[in-house]
Amino acid sequence: MEVPFQDLKSQYKAIKEEINPAIQEVLESSAFVLGKSVKEFEEQFARVHEVKHCIGLSSGTDGNHSVLWALGVKVGDEVIMPVNTFIATAWGVVLNGARPVFVDCDAESANISVPQIEQHITPKTRAVVAVHLYGQAADLDPIRKITDRYKIYLVEDCAQAHLAEYKGKKVGGLSEAASFSFYPGKNLGAYGEAGAATTNNDALAATIRMIREHGSSEKYRHEIFGHNYRMEGIQGAVLKVKLKYIEDWTEKRRNAARLYSQYLNDIEEIKTPSEMPYAKHVYHLYVIQLTRGLEDERNRLAEYLKESGISTGLHYPIPLHMQKCFSYLGYKAGDFPVAEKLARSGLSLPMFPELKEEQIEYVAKKIRNFFKSENQSKRSAVEESIK
Ligand SMILES: *Cc1c(COP(=O)(O)O)cnc(C)c1O
């Protein structure tokens with residue numbers, strides 16, 4: 001049986017009859033950049049995410065960049081962020097000239113470790129970026145307490161967390177401002193690059209709108225520095241169609257996760273992901289962790305699954321403090337033990353709304369077989385050494 005990591009083709013097939021005319025309409029109208037489709041998508045996405053403003057951008061990375069830019073983060077500032085995330089979270093900081101200050105993750109949720117945030121605050125700290133990693137909200141209330149006390153900004157990176165909830169409220173409107181990615185593989189994916197920023201703050205929304213359009217709100221009148229971060233019309237049209245399905249797709253992901261956990265729970269060599277009591281997890285990724293084995297065994301498992309037709313992923317194999325581009329920050333191996341262990345022992349299983357129960361059952365069976373044969377070969381190695 002083949003189990004791909006995700007399946008964008010079958011999703012397209014299912015909604016082709018709606019997608020094709022929506023793209024056609026953009027072609028006919030020649031509204032290739034921003035335009036009606038983007039404006040409508042922005043309004044609808046803001047409504048779905050229970051937030052006042054949505055600004056369509058050209059990627060999630062642009063969202064990371066422009067949110068901190070609009071808040072005035074600049075050279076000499078420090079921004080606290082989790083060490084276990086996709087690198088684009090850090091681009092948002094460094095592209096504004098600021099210094100990323102990494103914090104280890106919590107072993108249970110894989111999100112930023114809240115108790116460790118405060119010890120990294122200095123007079124230069126301007127903001128904390130909470131990343132809702134794998135589709136699960138970070139624990140925002142205690143983070144908010146800290147950012148309020150020190151009068152610094154809290155922002156969210158929601159690139160993996162469309163429709164995710166924190167204590168019953170949708171992420172994206174629970175901080176000063178948030179960024180979303182609509183990269184094709186994300187839970188809500190465009191047919192190309194796209195992203196957005198969301199906020200309840202009118203002034204901030206206006207600034208982000210100006211930043212995405214060369215620092216202007218009126219053509220050829222440039223009030224501030226800016227960039228070209230506009231969303232394309234075709235992406236707005238695609239996203240508008242897909243937005244109708246996102247709730248259903250999210251429930252399907254949650255159901256797939258539930259089934260995985262049922263099938264895998266009794267395998268003591270792995271730990272399945274936890275849904276924290278404050279969170280509604282949307283399972284952008286379903287990441288299991290080896291409880292005892294590390295890199296070698298994890299890689300052997302991935303290889304074994306690959307030979308069985310199952311694709312897996314690593315999120316993320318090298319924590320940010322160990323990336324060459326951040327060597328100037330002076331971190332070393334051992335600085336963030338939880339993230340480092342996760343990098344060596346985590347494995348992302350296939351996860352997409354169209355995943356079938358028999359595929360999940362098959363993946364679980366193969367994982368079980370792998371540990372059975374690992375244990376057998378370990379036992380025979382021990383017996384061999386006794387002889
Ligand atoms: C994907 C992702 C981004 C960047 O989004 P792009 O649209 O690919 O630029 C940022 N942060 C996180 C956590 C992501 O997963």
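- Looking only at atom types and distance, the side chain of Tyr362 has no donor-acceptor partner in the side chain of Glu357 under 3.5 Å away.
- Here Gln24 pairs with Glu28 under the side-chain hydrogen bond (donor to acceptor under 3.5 Å, both in side chains) rule; sequence neighbours left out.
- A salt bridge links Asp266 to Arg368: one of the charged nitrogens lies within less than 4.0 Å of a carboxylate oxygen.
- Considering only residues two or more places apart in sequence or on other chains, His65 meets the ring-ring contact (aromatic ring centres under 6.0 Å, His included) condition with Trp69, Tyr229.
- The closest side-chain donor-acceptor pair between Asn64 and Thr61, if any, does not fall under 3.5 angstrom.
- By the 6.0 Å contact criterion, CD on Gln44 is enclosed, its count of non-hydrogen atoms from other residues, nucleotides or ligands being greater than 12.
- In this pair, Phe45 and His162 present their aromatic rings perpendicular. The plane angle is above 60°, beyond the 30 to 60° band.
- His321 is linked by a ring-ring contact (aromatic ring centres under 6.0 Å, His included) to Phe336, counting only residues two or more places apart in sequence or in another chain.
- Donor-acceptor pairing under 3.5 Å is recorded for the side chains of Ser217 and Glu223.
- Using a cut-off of 4.0 Å between Lys/Arg side-chain N and Asp/Glu carboxylate O, Arg300 and Glu374 are scored as salt-bridged.
- For residues 94-106, the side chain to side chain donor-acceptor pair (under 3.5 Å) pairs, not counting sequence neighbours, are Asp106-Ser109.
- Using the six-membered ring where Trp is involved, Tyr245 and Trp249 have ring planes that are parallel, under 30° apart on the 30 and 60° scheme.
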Note to self: Assess the residue pair Glu42 and Arg212 against the criterion (salt bridge (Lys or Arg N to Asp or Glu O under 4.0 Å)); give the C-alpha distance rounded to whole Å, side-chain angles, the decisive distance to 0.1 Å, and a yes or no.
What the structure shows: CA-CA 14 Å; Glu42 288 175 340; Arg212 90 167 164 188; 2.8 Å; yes
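- A salt bridge links Asp77 with Lys74; the closest basic N to acidic carboxylate O contact falls under 4.0 Å.
- Using a 4.0 Å cut-off between charged side-chain N and carboxylate O, Glu78 and Arg126 make no salt bridge.
- The side-chain contact (heavy atoms from CB on, under 4.5 Å) test with Tyr260 singles out one residue from Leu355, Ile288, Ile367, Asn255, and that residue is Leu355.
- In this model, no donor atom of one side chain and acceptor atom of the other lie less than 3.5 Å apart for Glu193 and Ser59.
- Salt-bridge annotation for Arg292 and Glu297: absent, with no side-chain N of the basic residue lying under 4.0 Å from a carboxylate O of the acidic one.
- In terms of the side-chain hydrogen bond (donor to acceptor under 3.5 Å, both in side chains) criterion, residue partners of His315 (sequence neighbours excluded) are, by chain and number, Ser348.
- Applying the 6.0 Å contact sphere to OH of Tyr183 captures no more than 12 heavy atoms from other residues, nucleotides or ligands.
- In this pair, Trp91 and Phe326 present their aromatic rings tilted. The plane angle is within the 30 to 60° band.
- Here the CG atom belonging to Leu34 is positioned 9.0 Å from the CZ atom belonging to Arg209, to the nearest 0.5 angstrom.
- By the 30° and 60° cut-offs, the orientation of the rings of Phe182 relative to Phe41 is perpendicular.
- Within 6.0 Å of NZ in Lys366 there are more than 12 heavy atoms belonging to other residues, nucleotides or ligands.
- Residues passing the side-chain hydrogen bond (donor to acceptor under 3.5 Å, both in side chains) test with Glu275 are Arg254, sequence neighbours excluded.
- The closest side-chain donor-acceptor pair between Lys280 and Gln136, if any, does not fall under 3.5 angstrom.
- For the residue pair Asp7 and Tyr12, no side-chain donor N or O sits within less than 3.5 Å of a side-chain acceptor on the partner.
- Between Tyr278 and Tyr166, the two ring planes are tilted [angle within 30° to 60°].
- Aromatic ring orientation, His281 versus Tyr283: parallel (interplanar angle below 30°, classes split at 30° and 60°).
- The structure places CG of Asn201 at 8.5 Å from CD1 of Ile208, a figure rounded to the nearest 0.5 Å.
- Under 3.5 Å, the side chains of His132 and Gln160 contain no donor-acceptor pair of N or O atoms.
- Salt bridge annotation for Glu18-Lys244: present, with a cationic side-chain nitrogen under 4.0 angstrom from a carboxylate oxygen.
- Looking only at atom types and distance, the side chain of Thr272 has a donor-acceptor partner in the side chain of Asn265 under 3.5 Å away.
- A salt bridge links Asp335 with Lys332: the distance from a Lys NZ or Arg NE/NH1/NH2 to an Asp or Glu carboxylate oxygen falls below 4.0 Å.
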